Amino acid sequence: MADLDDLREGTNFAGPASTASGFHLKGLGGQDWGMRSRLSRIFDPTDGKTVMLAFDHGYFQGPTSGLERLDRSIVPLIPQADALMLTRGALRTTIPAECGKGIVLRASGGPSVLKDLSDEEITVSIDDAVRLDAAALAVQVFIGGENETKSIKNMSTLVDQGQAAGIPVLAVTAVGRDMVRDARYFRLATRIPAELGAGFVKTYYVEEGFESITSSCPVPIIIAGGKKVAEREALTVAYRAIQDGAAGVDMGRNVFQSEHPSAMLAAIRGVVHDSLKPDEAYELFEQLSH
C-alpha cells in the first residue's frame, strides 16, 4: 500500500482534456457501442454538454416543495431537458414513454431524511434497468462519510453490472453537513469514483479551483444545482462551471422551485448549449417569465 506519510497534494492540473477515438466525451471513447450510444442520449453529441433535470428527491425527502405532483410540475418541462434523473417509480407512473429523453435512473437508496443518509443500498436490479431502457444508473458516493466503503462498494457493483449490460454509472458525490466543501475535497471525491469505473460524476461547484476538479477527473463532470438560490445566482454558477470545464448541469430545486420553472430551464439551456453569459441568460429568463 502507498505510504501515507508523504501524501503530496497535486499541482499540475492545467491544460484541456483530450478525447479518444473522436468520441465527444473525454475518457469514454474506448467504451463499447452500447455504452457510447446511451451516453449520447444524455450528452448532446454536437457539443458534448447536457442539461439534466433532477427530480429524484422524493426517494428520501418525500413530496418536497415543487414535487408534490410530478404530472403537473415536471411533465411540462420534459421537452427542454436533455436527460431526466429520476426514480423508477416516477418513470413508470408519470413519464411518457415517448418523451425520447435519456433516463438517468436512481439506483441507490434506503434511508430517509429521518436517518443517516449515507447508509444506502443498491435498490434497482440491472435487469430492471435494462427493462426500463435506462441510459445511466445513478448512485450516491459518500467520500469521507460514515459509510464511505459501503457506498463505494455499491457503486462498484453497479459498474460491474452496467459494463456487462452497456449502461454507464453516474457517481453522485454526497457531502455531509460538517465536511469542508473545497477543491481539494472534490478532487478526491470525484477522482475516486472515476478510478473505480464511474462513467461520469456529479459534484458541486466551488469558486476556487473548480477547473482543477474537472481537469483531474478523467471522465465528464456535471454540477449539482444544490439548494434553491436566486435565479441570477444559479445561472452564474452554471456559467462559471461550464467555463471551468464542466460537461453540463443537473439541476432540480433551482428549476422546479422557481416561480417560473420553464423560463429557468430555458435560461440554463442557453448557458450550457448557447454560451449565454449570466446577464444574457437572466434577461432571457425575465423575457420568458412575462
Side-chain angles (χ1 to χ4, degrees), residues 17-56 78-79 81-92 95-109 122-141 151-173 190-203 214 217-222 246-250 272-273:
S18 60
T19 54
S21 306
F23 192 55
H24 57 283
L25 298 173
K26 73 171 182 176
L28 299 168
Q31 295 287 350
D32 64 25
W33 191 94
M35 190 81 76
R36 287 182 283 122
S37 175
R38 285 183 171 90
L39 287 163
S40 297
R41 284 151 52 185
I42 300 170
F43 296 88
D44 190 330
T46 61
D47 61 8
K49 301 290 193 301
T50 187
V51 174
M52 287 173 54
L53 177 61
F55 52 98
D56 58 331
I78 290 175
D82 295 315
L84 309 175
M85 184 171 171
L86 71 170
T87 63
R88 60 178 169 180
L91 182 63
R92 281 194 166 105
I95 306 305
E98 65 273 17
C99 76
K101 303 299 179 178
I103 298 300
V104 181
L105 198 64
R106 166 61 64 179
S108 66
I122 295 173
T123 55
V124 175
S125 72
I126 195 66
D127 289 343
D128 207 27
V130 171
R131 191 176 298 114
L132 288 168
D133 196 26
L137 297 169
V139 57
Q140 297 290 120
V141 178
S151 70
I152 286 289
K153 184 63 169 64
N154 289 341
M155 188 206 77
S156 299
T157 298
L158 285 175
V159 167
D160 288 340
Q161 296 173 349
Q163 284 293 138
I167 302 177
V169 169
L170 167 62
V172 182
T173 61
T190 57
R191 181 64 172 261
I192 288 174
E195 292 271 356
L196 295 177
F200 56 122
V201 181
K202 176 179 172 179
T203 195
T214 58
C217 185
V219 297
I221 282 181
I222 58 175
V249 302
D250 185 23
V272 174
H273 290 302

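Just so it is clear, the structure is predicted and the values come from calculations on it, not from any experiment.
- In this structure, the separation between CG on Leu137 and OG1 on Thr157 is 12.0 Å, given to the nearest 0.5 Å.
- Checked against salt bridge (Lys or Arg N to Asp or Glu O under 4.0 Å), Arg106 has the following partners two or more places apart in sequence or in another chain: Asp56.
- Looking only at side-chain heavy atoms (C-beta outward), Met52 and Leu170 come within less than 4.5 Å of each other.
- The NZ atom of Lys202 sits 13.0 Å away from the CD1 atom of Ile221 when rounded to the nearest 0.5 Å.
- Of the possible donor and acceptor atoms, none in the side chain of Asp82 sits under 3.5 Å from a partner among the backbone N and O of Phe43.
- Without hydrogens or angle criteria, Arg38 side chain to Pro168 main chain gives no donor-acceptor distance under 3.5 Å.
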Take Val141 and Thr173, measure what side chain to side chain contact (heavy atoms under 4.5 Å, CB included) needs, and give me the verdict at the end. CA-CA 5 Å; Val141 178; Thr173 61; 5.7 Å; no
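- Distance check, rounded to the nearest 0.5 Å: CG of Leu86 to CZ of Phe55 gives 4.5 Å.
- Nearest approach of Asp47 to Val272, heavy atoms of both residues: OD2-O, 4.3 Å.
- In the model, Ser125 has no side-chain atom that pairs as donor or acceptor with a side-chain atom of Asp127 under 3.5 Å.
- Leu53 approaches Ala81 most closely through the heavy-atom pair CB-CB, 4.0 Å.
- Closest non-hydrogen pair, Ala83 versus Val104, comes out as CB-CG2, 4.5 Å.
- The backbone N or O of Pro79 lies less than 3.5 Å from a partner atom in the side chain of Lys101, making a donor-acceptor pair.
- For Ala171 against Met155, the heavy-atom pair with the smallest separation is CB-SD, 3.8 Å.
- Residues Gln140 and Val172 meet the side-chain proximity criterion, which asks for heavy atoms closer than 4.5 Å.
- Between the side chain of Arg88 and the backbone N or O of Thr123 there is at least one donor-acceptor pair closer than 3.5 Å.
- Nearest approach of Asp128 to Val124, heavy atoms of both residues: CB-CG1, 4.4 Å.
- Taking CG of Leu196 as the start and CG of Asp160 as the end, the distance is 10.5 Å to the nearest 0.5 Å.
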Acceptor/donor pairs from residues 27-34 side chains to any protein atom, 3.5 angstrom cut, sequence neighbours excluded:
unit_1: Gln31; atom_1: OE1; unit_2: Gln163; atom_2: NE2; d: 3.4
unit_1: Asp32; atom_1: OD1; unit_2: Gly34; atom_2: N; d: 3.4
unit_1: Asp32; atom_1: OD1; unit_2: Met35; atom_2: N; d: 3.0

Output, in order, the C-alpha distance, side-chain angles, deciding distance and verdict of side chain to side chain contact (heavy atoms under 4.5 Å, CB included) for Val139 and Val169. CA-CA 7 Å; Val139 57; Val169 169; 3.8 Å; yes
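- Atom OG1 of Thr50 is separated from atom CE of Met85 by 12.0 Å, given to the nearest 0.5 angstrom.
- Residue Ile126 holds its CD1 atom at 4.0 Å from CD1 of Ile167, rounded to the nearest 0.5 Å.
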Could you walk me through whether Phe200 and Leu25 pass the side chain to side chain contact (heavy atoms under 4.5 Å, CB included) check? CA-CA 10 Å; Phe200 56 122; Leu25 298 173; over 6 Å; no
Is there a side chain to side chain contact (heavy atoms under 4.5 Å, CB included) between Leu132 and Ile103 once you walk through the steps? CA-CA 9 Å; Leu132 288 168; Ile103 298 300; over 6 Å; no
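- Across all their heavy atoms, Pro193 and Val201 have their closest contact at CB-CG2, 4.5 Å.
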